[in-house]
Amino acid sequence: MTNLPKIYAPQEIEGKWYQFWQKNDYFHAAATSEKQAYAIVIPPPNITGSLHIGHALDNTLQDCLIRWRRMQGYNTLWMPGTDHAGIVTELIMERKLAEEGTSRIELGREKFTERMWQWKAESAGYIVSQLQQLGCSCDWKRERFTLDEGLSKAVRTAFVKLYNQGLIYRDTYMVNWCPECNTAISNLEVEPIEVDGNFYHIRYPVKDSDVVLEIATTRPETMLGDTAVAVHPDDERYQHVIGKTACLPLCDREIPIIADAYVDREFGTGTLKVTPAHDPNDYEIGLRHELEQRTIFTQDGHISEAAPEKYVGLSRWDCRKRVVEDLQNLDYLVKIVPHRHAVGHHDRCGTIVEPTISLQWFMNVRPLAQRAIEATQNGEVRFIPERETDRFYHWMEIIEPWPISRQRWWGHRLPIWYCNACDAVTAAMETPQQCKCGASDFHQDEDVLDTWFSSGLWPFSTMGWPEETEELKTFYPTSVLVSGWDILFFWVSRMIMLGLGCMDKVPFRTVYLHGLVADEKGQKMSKSKGNTIDPLETIDTYGTDAFRFALANVSTPIPYVSLSESQIESGRRFANKIWNAARFILMNLEKHPIPAEVDAIETEQETLEITWIRSRFSHTIKTTTDALENFRFYEATQTLYAFLWHEFCDWYLEFTKQRIAQDEPAALWVAADVLEQTMRLLHPLMPFLTEEIWQQLPRNRTQDDKSVTIAPWPEPTGENSTAETTMATLTEVIESIRSIRGELNVPIGASVEVHIQSPNSEVRERLETYLSQYLPAFTRVADITIAESLQKPPASAEAVIGELAIYIPLADVIDLEAEQARLSKRHQQALKDVTAAQKTLDNPNFVERAPEKVVAQKRAQLERLLTEQDKLARSLAMLTESGSENGD
RNA sequence: GGGCGGGUAGCUCAGGUGGCUAGAGCGACAGCCUUACAAGCUGUAGGUCACAGGUUCAAGUCCUGUCCCGCCUACCA
């Protein structure tokens, strides 16, 4: 007896097989190969992070693609690695340090980065082992880290190259500043969040005049940095004050009243206070009018010396309170009106961002963005779903200079050196030897690069760039990039631009952007909402394959995909179903081992069910392959689910039981063969289970068949429509009989007689040939009669399939009323369908204009429906009659 | 303000270029411990495809408008 347990226990086999794959080096891609290359670079997770549901989805889909292509015979590379993830990682470390009673600043740069590296060393293996638990078939020998020596060299090379092209430059400009993180950040890192605020209406007296301008602002504290008041040049209300001077309350300063078309006459009072140092629009106005830029905030968000002394040192929020109080006391405050508006928050730490003028390094991404657009238009890059293309174009069109310097420590330090003697700026790979002024003392820029700069190089930096490696020749551009749509701008577009900038080639041919995982209510999963599904807990409870199957199954091309426990549960049941199908086959194979010359036997004894299952399987191969080619993972899962469960298990294995009972084991051998091949089809989705079963199944040991991981992807062998039609008739008959038994509550132990009437000799012949063979497997039958015409036996239940009628005498058990209700319902439905079909065909335009094929189909349908309807009507009439007779 | 996606069974979702009687999973109900699987099997119920027009012989599918939901994006102080 076979030793397979009744219930599939994923925990016991997953680790074993992953080690087996690793040991045999199946995931390693050769740098050079005769085979066609297929490469994916992993979106590198944070080195200190852990696997969340988004990773699970993203990496499941990638692994699925990689495993599928590997089986198809490609030289597949899945490049793994991790990201230092800049600010996020630093922030977590800062929290740790705070717990220890120290801080980043206290430690200093050197000690702090030391701690970071130490932490990296401790936690680096964690995310990798989690990806391995998920079954990811990454080429671990090639694992990279964004701060590795090689990748750091790539970063410096890219920087210097772009600097020399004039695309990277230093400038004083308004940037978004995070006072908490003490660094500049890019627009993308600013998240506008709606908050409840106020409009503060403030009086600004005009000098040497009785006029007082009423100005509304949401940020009264910024008035300390006001250097002008603006009105629209054509605003009739304010013509008389243009060019005059306003007295800035609380500050004892005089500021000009200027005219600028930016001001919206319709909005508020039509007057605008101008704070060039702390508002992007005011900054622009300031430039146009050469206004003073008064920076009233310090880097950590407190009031600077540029403000009146009494406010210096206050926090932004305390200052707001004080300013409002003072305005009120001095009668400058008109009113406070509640106002809900969007305020920019730093996406990493949640702090309200302060627009500030600052000296930063920027990258002029316009030229590269233009090239990215062209490359996409030329079809060098393709986005799936297609709608993402427009989102990409839009972003590329409105893109602004990218501030790339961060006043942080964890990252790639800018390869910029300043001459200590003459301040000359040099971009270089290493510390320069000598300045053009003759001096040889330099200091390197203190800033590090935005973390997305290094991850933007990922597709080629991981392959050894700037060296001209074999890997680059073989795998660049990579085949597909898989990621959530939420980082299209952050990462994907930067990779495209930097790929074009550094390699002159796009980094990947296809970008597949999947949805984000939401819960069953459509809410995005997040820790704060407490609706997350933890991948590792899930794997523990349900098994990796069940989880992967569920993830692939929900990944339809919509922005948010709903995942619920019940879907993972469904995956688990599916795994168990397959397990038991395998058990059934293996158990029976012990009694009926496959002879060496199985192929010959199979051909000789090819029966309807064998031809049928082979036909259906061929169809399944075709559909599954097509689904994967088009990134329709949900279609692959559904196809395989339906085939395995509802065709292979529900029907084919039931036929097999009957064949075994008749001592015709060929059906069993075919079952083993089909299951073996199905395990190959399913392997990309459920790698562990399929390997376990595949290893146990007998197969023609040909060449390299040590693992399903490297087994060839099945090819369709062709479908057989005759067999499928015949089988359809048989299954319909069987289902009708089961339906009668079910609805009339015929006990399972009771044998029934089945009388079938059909005017079609061909159908009768088929039924005669197969029904006696198959029927006993599905229902207890005492006797089967098949005839061209026969009398409906008394007290019998009836089912109608087109011109075919099935009668089951049920004298002992039949409930006439129940049977009448049953037939009546069927009759009503038939009538409805007849009416609909009739209506279509009665329309002369339909017959004239619709394609012949469609008309013919409709006619055949109507004919069949009419026959059914007629038969049902007559039987119903008879039944009513006999019913009333009984009643009399 | 602009744009995108969505609204199909109680729930979550499928329904290439219009053409079988609109499907699946989960849930519900009824009956079954049938010797691979009760994590199973069998049967049943359940939908005016958001709404209103239009194009067409034919619309869940294409067009227009409306209403909801979600998201992205924009400088309204």
Non-neighbouring partners of A:Tyr200 that pass ring-ring contact (aromatic ring centres under 6.0 Å, His included), sequence neighbours left out: none
Salt bridge (charged side-chain N to carboxylate O under 4.0 Å, His left out) evaluation trace for A:Arg738 with A:Glu743: CA-CA 8 Å; A:Arg738 287 205 294 217; A:Glu743 285 186 63; over 6 Å; no
Any donor-acceptor pair under 3.5 Å from A:Asn580 side chain to A:Asn576 backbone: yes
Spacing of A:Arg741 atom CZ relative to B:rU44 atom P, expressed in whole Å: 15 Å
Side chain of A:Ile558 (C-beta onward), nearest among B:rA36, B:rG25, B:rA14: B:rA14
Distance-only side-chain donor-acceptor flag, A:Lys622 / A:Thr620, under 3.5 Å: no
Polar atom pairs (N or O), protein with nucleotides 15-17 of chain B, under 3.5 Å:
| residue | atom | partner | partner atom | Å |
| --- | --- | --- | --- | --- |
| B:rG15 | OP1 | A:Tyr634 | OH | 3.3 |

Whole-Å P distance, B:rA24 and B:rU34: 27 Å
Sugar-phosphate, base or nothing in reach of A:Glu386, heavy atoms under 4.0 Å: nothing
A:Tyr204 versus A:Asp226, side-chain donor and acceptor atoms under 3.5 Å: yes
B:rC20 and B:rA30, which share atom name C1', separated by this distance in whole Å: 30 Å
Euclidean distance for P, B:rC62 against B:rG2 (whole angstrom): 24 Å
Protein-nucleotide distance (A:Phe643, atom CZ; B:rA24, atom P), rounded to Å: 18 Å
Structure string for RNA chain B in dot-bracket form, Watson-Crick and G-U at under 3.5 Å, | interchain: (((((((..((((.....[...)))).(((((.......))))).....(((((..]....))))))))))))....
Whole-Å C1' distance, B:rG6 and B:rU12: 14 Å
Nucleic acid footprint by protein, nucleotides 70-77 of chain B - heavy-atom cut-off 4.0 Å, B for base, S for sugar-phosphate alone: -SSS-BBB
Separation of atom CD in A:Gln638 from atom C1' in B:rC13, rounded to whole Å: 8 Å
Contacts of type ring-ring contact (aromatic ring centres under 6.0 Å, His included), residue A:Phe489, not counting sequence neighbours: A:Trp395
A:Thr556 side-chain proximity, nearest of B:rA36, B:rG25, B:rA14: B:rA14
A:Lys6 side-chain N/O to B:rA38 phosphate OP1/OP2 under 4.0 Å: yes
Carboxylate-amine/guanidinium contact A:Glu724 A:Arg616, below 4.0 Å: yes
Salt-bridge present (A:Arg826, A:Glu798; N to O < 4.0 Å): no
Syn/anti state for B:rG16 [syn: chi within 90° of 0]: syn
Euclidean distance for C1', B:rC76 against B:rG18 (whole angstrom): 45 Å
A:His232 versus A:Asp264, side-chain donor and acceptor atoms under 3.5 Å: no
Contact nearer the 5' end of RNA chain B, comparing A:Arg387 with A:Lys825: A:Arg387
Verdict with supporting geometry, A:Phe655 and A:Phe778, ring pair (Phe, Tyr, Trp, His ring centres under 6.0 Å): CA-CA 9 Å; A:Phe655 292 141; A:Phe778 296 94; 5.6 Å; yes
Atom CD of A:Glu852 with >12 non-hydrogen neighbours under 6.0 angstrom: no
Residues A:Arg632, A:Asp626: salt bridge by 4.0 Å N-O rule: yes
Between P of B:rC4 and CG of A:Leu513, the distance in whole Å: 18 Å
Sugar-phosphate, base or nothing in reach of A:Lys853, heavy atoms under 4.0 Å: nothing
Separation of atom CD in A:Gln857 from atom C1' in B:rA58, rounded to whole Å: 13 Å
Rounded interatomic separation in angstrom, taking CD1 from A:Ile7 and P from B:rC37: 10 Å
Can you tabulate the close N/O pairs, meaning under 3.5 Å, that link protein atoms to atoms of nucleotides 40-43 of chain B?
| residue | atom | partner | partner atom | Å |
| --- | --- | --- | --- | --- |
| B:rG40 | O3' | A:Lys577 | NZ | 3.1 |
| B:rC41 | OP1 | A:Lys577 | NZ | 2.8 |
| B:rC41 | OP1 | A:Trp645 | NE1 | 2.6 |
| B:rU42 | O3' | A:Arg738 | NE | 3.3 |

Sugar-phosphate, base or nothing in reach of A:Lys839, heavy atoms under 4.0 Å: nothing
Donor-acceptor contact present, side-chain A:Thr840 to main-chain A:Gln838, <3.5 Å: no
Atom C1', compared across B:rU66 and B:rA74: separation rounded to whole Å: 25 Å
P gap between B:rG23 and B:rG15, integer Å: 15 Å
Distance (rounded to the nearest 0.5 Å) between A:Leu653 CG and A:Gln658 CD: 13.5 Å
Side-chain ion pair, A:Glu868 and A:Lys871, N-O less than 4.0 Å: no
Touch class at under 4.0 angstrom, heavy-atom based, for A:Pro851 against every strand present: base
Whole-Å distance separating the CG atom of A:Leu516 from the P atom of B:rG6: 15 Å
Contact under 4.0 Å: A:Ser562 side-chain N or O vs B:rC13 OP1/OP2: yes
Whole-Å gap separating P (B:rU44) and CD1 (A:Ile737): 14 Å
Interatomic spacing from CG in A:Leu865 to CD in A:Gln829 - rounded to 0.5 Å: 9.5 Å
Nearest-angstrom distance, C1' atom, B:rC63 to B:rG27: 38 Å
